[in-house]
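Below, chains carry the letters A, B, ... as their sequence lines are ordered, and counting in each starts from 1.
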Protein chains: 2
Amino acid sequence: MSNPRNPAPAGAEHAPLELEHFLPYRLSILSNTVSQAIADDYQRRYDLSVTEWRVMAVLARFHGLSAREVAERTLMDKVAVSRALARLVSAGRVHRDTHDGDKRRSVLSLTEAGWLIHDDVAPMARAREREVLEKLDQEERQWLTRILDKLQPVSQK
Amino acid sequence: MSNPRNPAPAGAEHAPLELEHFLPYRLSILSNTVSQAIADDYQRRYDLSVTEWRVMAVLARFHGLSAREVAERTLMDKVAVSRALARLVSAGRVHRDTHDGDKRRSVLSLTEAGWLIHDDVAPMARAREREVLEKLDQEERQWLTRILDKLQPVSQK
DNA sequence: ACGTTATAGTTACATGTGAAACTAATTGCA
DNA sequence: TGCAATTAGTTTCACATGTAACTATAACGT
């Protein structure tokens, strides 16, 4: 009916999608490639998942957050945060207190061990990001930022 | 020790990562948002996963591919393709033959039912992509394409 | 021809992830 | 007060996904 490994006949009434030019597909491939490259660095070395690293990153910036606030800042859902925190706390990387006036809330912070990991991983992550961005010239980098800003959903307040 | 929900003191020696400006993080969020928006359309309606849809999309374009060739074209691994095909075949959306000269290889094509779904989903996906791209002006769209081309890994030959 | 090696595809296992149900604490309001 | 409705966080379940092991067939080198 039609020949293997060749595109469908031009007159075809089906208008198939060309994945390699389809934005969502391209974004997905790119995102996975980039994230994986970075995660490989610390994943094995510290047995640290991407979600855990994100939690650590926000706790490095904002002290005393609750789990819900971490979820807001990372745009992860609360279940993911809860699980990441469980592992981080039991690994001694995050300290969990209970909020004074509200016993439901946790008050989170990096432990000494958490900081050590953070201070090793953060520069590594930045270096990897730099490697990716080096493929672009200055002008392209500026456009990329601008484009991401316009496409990005709300971003956390 | 430090006040909740405020950034760490400026003199802090830890140089925390600002996730919201970190390229891999932004890509991941954007990719998930965009893919999800599109997938929602057909996911429920046809009980069709993203991987399944990608397989269908390449089979719409290239007739008689083997599973391995589908994997190459979608950049998915062969296990994912195998599983997607199992579902698609059992749902009567893809027809699987055995290659004449090589009994290991499959020869895949969309069935009539598969084509019907494809012809409904493909325009829908394109429309959603258009909605996303409408947030950008013409110049930005051109830069985006150029940037993706430069950042993109190898792309399938 | 024949044993080794490579390839196509599937299965099994371990792990990750999201939705919904659940517990505990707090808030709102009659 | 006291009871219903919210909120913080965890647990459970179903399902997706990746790695490695496995089966069947084919290709290669002698």
Mutual orientation of the aromatic rings belonging to B:His14 and A:His118 [parallel < 30°, tilted 30-60°, perpendicular > 60°]: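 Geometry flag for A:His118 against B:His14: perpendicular rings.
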Expressed as a whole number of angstroms, how long is the span from [X]:[atom1] to [N]:[atom2]?
X: A:Leu48; N: C:dG16; atom1: CG; atom2: C1'; answer: 15 Å
X: B:Asp77; N: D:dT17; atom1: CG; atom2: C1'; answer: 8 Å
X: B:Arg96; N: C:dA8; atom1: CZ; atom2: P; answer: 15 Å
X: B:Asp102; N: C:dA6; atom1: CG; atom2: C1'; answer: 12 Å
X: A:His99; N: D:dT7; atom1: NE2; atom2: P; answer: 16 Å
X: B:Leu108; N: C:dG9; atom1: CG; atom2: C1'; answer: 11 Å
X: B:Arg105; N: D:dA26; atom1: CZ; atom2: P; answer: 10 Å
X: B:Glu72; N: C:dG9; atom1: CD; atom2: P; answer: 10 Å

Run the salt-bridge test on [X] and [Y] with the 4.0 Å N-O cut-off and return the result as yes or no.
X: A:Asp149; Y: B:Arg26; answer: yes
X: B:Glu20; Y: A:Arg61; answer: yes
X: B:Arg68; Y: B:Glu72; answer: yes

Do A:Leu85 and A:Arg96 have side-chain heavy atoms sitting under 4.5 Å apart?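 Yes. Closest side-chain heavy atoms under 4.5 Å.
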Nearest to the side chain of B:Arg68 - C:dG9, D:dG9, D:dT19?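 Per side-chain heavy atoms of B:Arg68, the pick is C:dG9.
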Through what angle, rounded to 10 degrees, does the axis of the helix from C:dA1-D:dT30 to C:dA30-D:dT1 turn between its ends, using five pairs per end?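 That helix gives 10° between its end axes.
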Please classify the nucleic acid contact of A:Lys103 as base, sugar-phosphate, or nothing, using heavy-atom distances under 4.0 Å.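 The answer is sugar-phosphate, as A:Lys103 gets under 4.0 Å only of primed atoms, P, OP1 or OP2.
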Could you pick out which residue, A:Lys78 or B:Gly101, lies toward the 5' side of DNA chain D when each is mapped onto its nearest nucleotide?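 Nearest-nucleotide comparison on DNA chain D picks A:Lys78.
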For DNA chain D, whose closest nucleotide is more 5', that of B:Arg104 or that of A:Val107?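 Here A:Val107 is the residue nearer the 5' end.
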Look at the side-chain N and O atoms of B:Ser106 and state whether any lies under 4.0 Å from the OP1 or OP2 oxygen of C:dG9.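 Indeed, a polar side-chain atom of B:Ser106 lies that close.
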Taking only residues at least two apart or on different chains, which pairs with a member in residues 28-49 of chain B satisfy ring pair (Phe, Tyr, Trp, His ring centres under 6.0 Å)?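 Qualifying pairs: B:Tyr42-B:Trp53.
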State which residues pass side-chain contact (heavy atoms from CB on, under 4.5 Å) with B:Arg128; sequence neighbours excluded, sorted by chain then number.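 Once residues adjacent in sequence are excluded, the partners of B:Arg128 under the side-chain contact (heavy atoms from CB on, under 4.5 Å) criterion are B:Ile38, B:Asp41, B:Glu131.
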Could you pull out all residues at least two apart from A:Gln142 that satisfy side chain to side chain donor-acceptor pair (under 3.5 Å)?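 Residues passing side chain to side chain donor-acceptor pair (under 3.5 Å) with A:Gln142: none at all.
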Between protein and nucleotides 11-16 of chain D, map the contacts as a letter string: B base, S sugar-phosphate only, - none, heavy atoms under 4.0 Å, written 5' to 3'. BB----
Sequence neighbours excluded, which residues qualify as salt bridge (charged side-chain N to carboxylate O under 4.0 Å, His left out) partners of A:Asp40?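 Salt bridge (charged side-chain N to carboxylate O under 4.0 Å, His left out) check on A:Asp40 returns nothing, list empty.
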